[in-house]
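When a residue number appears, it is its place in the shown sequence, counting from 1. The figures that follow rest on heavy atoms only: side chains count, while hydrogens, waters and symmetry mates do not. Because the structure is predicted, anything quoted here is derived from the model rather than measured.
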Amino acid sequence: MPRELRGVATYDAPPNIALVKYWGVRDAELVLPYNSSLSVTLDRLRSRTRVRFSPSLEEDEVVLNGVRATGGARAAVLRMLELVRELARGSGSAEVRSENNFPTASGLASSASGFAALAAAASAAAGLRLSGRELSRLARRGSGSAARSIFGGFVRWEAGRRPDGKDSFARTLFGPGHWPELLDLVVLVEGAPVKSVRSADAMQATVRTSPEYARRLAGLPRRLARIERAIAARDPGKLFPLVMEECDSFREVCETTFPSLDYLTPSSRAILEEVRALNRAAGRPVAGYTHDAGAHVHLFTLERDAKSLRRRIAAVAGVRSVLVVRPGPGTRRVDGRAPSGAAPERRRQP
Ligand code: PMV
């Protein structure tokens, strides 16, 4: 007989922005990507999720941003609860409440922070004490990019090779304090459409139909290594052009997908053009742009250039606001019941 689960936990998890994108899976059920990816975990923004397992609940209850969840959103949360029950060898219903302090489904990676917070809160509430690596693998099952939001700073998610996915998890390469001058200006644009196709489905359409996808994959290991070296050396002259090259490659495979995937608005495109013009005029890379499967744009720049860049970008038609964000910490427990952060690594797994 599985034991009846009871317990409660609340976690905060941050979104992340990918410098090398995850786009395409070799196993959709286990969420195993074709390529390794690299991201920066963002401070200031967070999903806060509370999970309570209790025998008094008749069924799972899911409330997202104050609204009872239905359809696909509810189903995705229930799938994660099911994985946690299996891991804990337990049964019983749970109540899940989650809130973001930023707009949901807007290209600000709410699925990454949402599933990182859910995996951490649900596993802790069920009495599991998972290592960072185990949590990353669990969060990956909810949304691939969530594997990276478990950790802070500059994070790499290893694609892995094993069919069971045991070697597909993220880790911190450099902590949040590695490069204190580096900022991400998050440019929120007006009229960003709410996603009509889930990323998980959109990326598989790219794998199937984009004639550019194979070439992108072949070039990624080299680009990833160069981006890692540029971060290690804190070299904006190397990093910013590489980040833009990677973003352009991601956009190219989206646009050549059938039917075509277009996540940008005219203002997003104007921002990319403004950054190209600015870098040309300055004769050096002042900023590097990137975006995910959404219309908002992230601009990496150094502290000394941030003020003038922000002024210039805020003047682009259709820009709603610009948030200044730094690399931040990973997923943390916030109900004071245990040390924050994931449990320390246990012995290596076989
Ligand atoms: O984790 P998902 O299913 O939301 O997909 C994320 C895909 C991108 O954000 C576009 C890229 C990435 O690596 O985060």
Side-chain angles (χ1 to χ4, degrees), residues 5 7-17 31 41-54 56-85 87 92-126 128 135-136 138-150 186 188 191-203 263 292-296 320 323 325 328 330-335:
L5 297 173
V8 59
T10 305
Y11 274 74
D12 274 3
N16 66 75
I17 176 70
V31 193
T41 299
L42 305 178
D43 75 354
R44 291 187 57 189
L45 311 173
R46 55 137 184 92
S47 297
R48 174 165 295 174
T49 302
R50 178 177 184 273
V51 176
R52 183 172 70 96
F53 282 99
S54 165
S56 65
L57 294 163
E58 278 179 10
E59 57 168 9
D60 292 328
E61 288 175 29
V62 183
V63 178
L64 303 178
N65 293 306
V67 180
R68 193 165 293 275
T70 55
R74 178 180 154 82
V77 171
L78 297 200
R79 262 199 311 278
M80 176 59 73
L81 291 176
E82 216 31 64
L83 288 173
V84 168
R85 287 185 193 103
L87 275 177
S93 297
E95 174 194 77
V96 176
R97 281 172 197 277
S98 186
E99 270 169 29
N100 296 330
N101 68 351
F102 57 89
T104 306
S106 60
L108 273 185
S110 62
S111 69
S113 55
F115 281 106
L118 176 63
S123 56
L128 292 164
L135 257 187
S136 177
L138 179 62
R140 188 196 78 215
R141 301 287 299 273
S143 149
S145 54
R148 298 186 309 243
S149 275
I150 297 298
V186 185
L188 302 175
V194 172
K195 270 188 215 179
S196 55
V197 183
R198 286 170 60 234
S199 289
D201 298 329
M203 62 180 72
Y263 293 111
D292 275 342
H296 306 304
R320 181 150 52 93
L323 308 174
V325 176
T331 299
R332 292 180 292 181
R333 190 158 187 167
V334 292
D335 54 12

Holding to side chain to side chain donor-acceptor pair (under 3.5 Å), I want the full list of residues that pass it with S199, two or more places apart in sequence or in another chain.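 Result, side chain to side chain donor-acceptor pair (under 3.5 Å) vs S199: K195.
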For S47, give me all partners under side chain to side chain donor-acceptor pair (under 3.5 Å), at least two apart in sequence or on another chain. N100, S113
Side chains of residues 67-84: which donor-acceptor pairs under 3.5 Å do they make with residues two or more places apart or in other chains?
residue : atom : partner : partner atom : Å
R74     : NH1  : D60     : O            : 3.2
E82     : OE1  : R85     : NH1          : 2.9

Calculate, to the nearest 0.5 Å, the distance between atoms CD1 and CG belonging to I17 and L45 respectively. 11.0 Å
Would you give the length of the straight line joining atom CG of L64 to atom CG of L118, rounded to the nearest 0.5 angstrom? 9.0 Å
Which heavy atom in [X] sits nearest to a heavy atom in [Y], and how many Å separate them?
X	Y	result
T49	A117	OG1-CB, 3.4 Å
T331	A13	OG1-CB, 3.5 Å
V51	A94	CG1-CB, 4.2 Å
Y263	D292	CB-O, 4.4 Å
S123	L138	CB-CD2, 4.2 Å
A122	F53	O-CE1, 3.5 Å

How would you list, by chain and number, every residue that makes a side chain to side chain contact (heavy atoms under 4.5 Å, CB included) with [X], sequence neighbours excluded?
X	value
R46	D12, R48, N101
R44	L323
V8	R50, R52, R337

Is a donor on one side and an acceptor on the other found under 3.5 Å between the side chain of N16 and the backbone of S145? yes
Is it the case that the side chain of S149 and the backbone of P14 share a donor-acceptor pair, with hydrogens and angles ignored and the cut-off at 3.5 Å?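 Yes: the side chain of S149 pairs with the backbone of P14.
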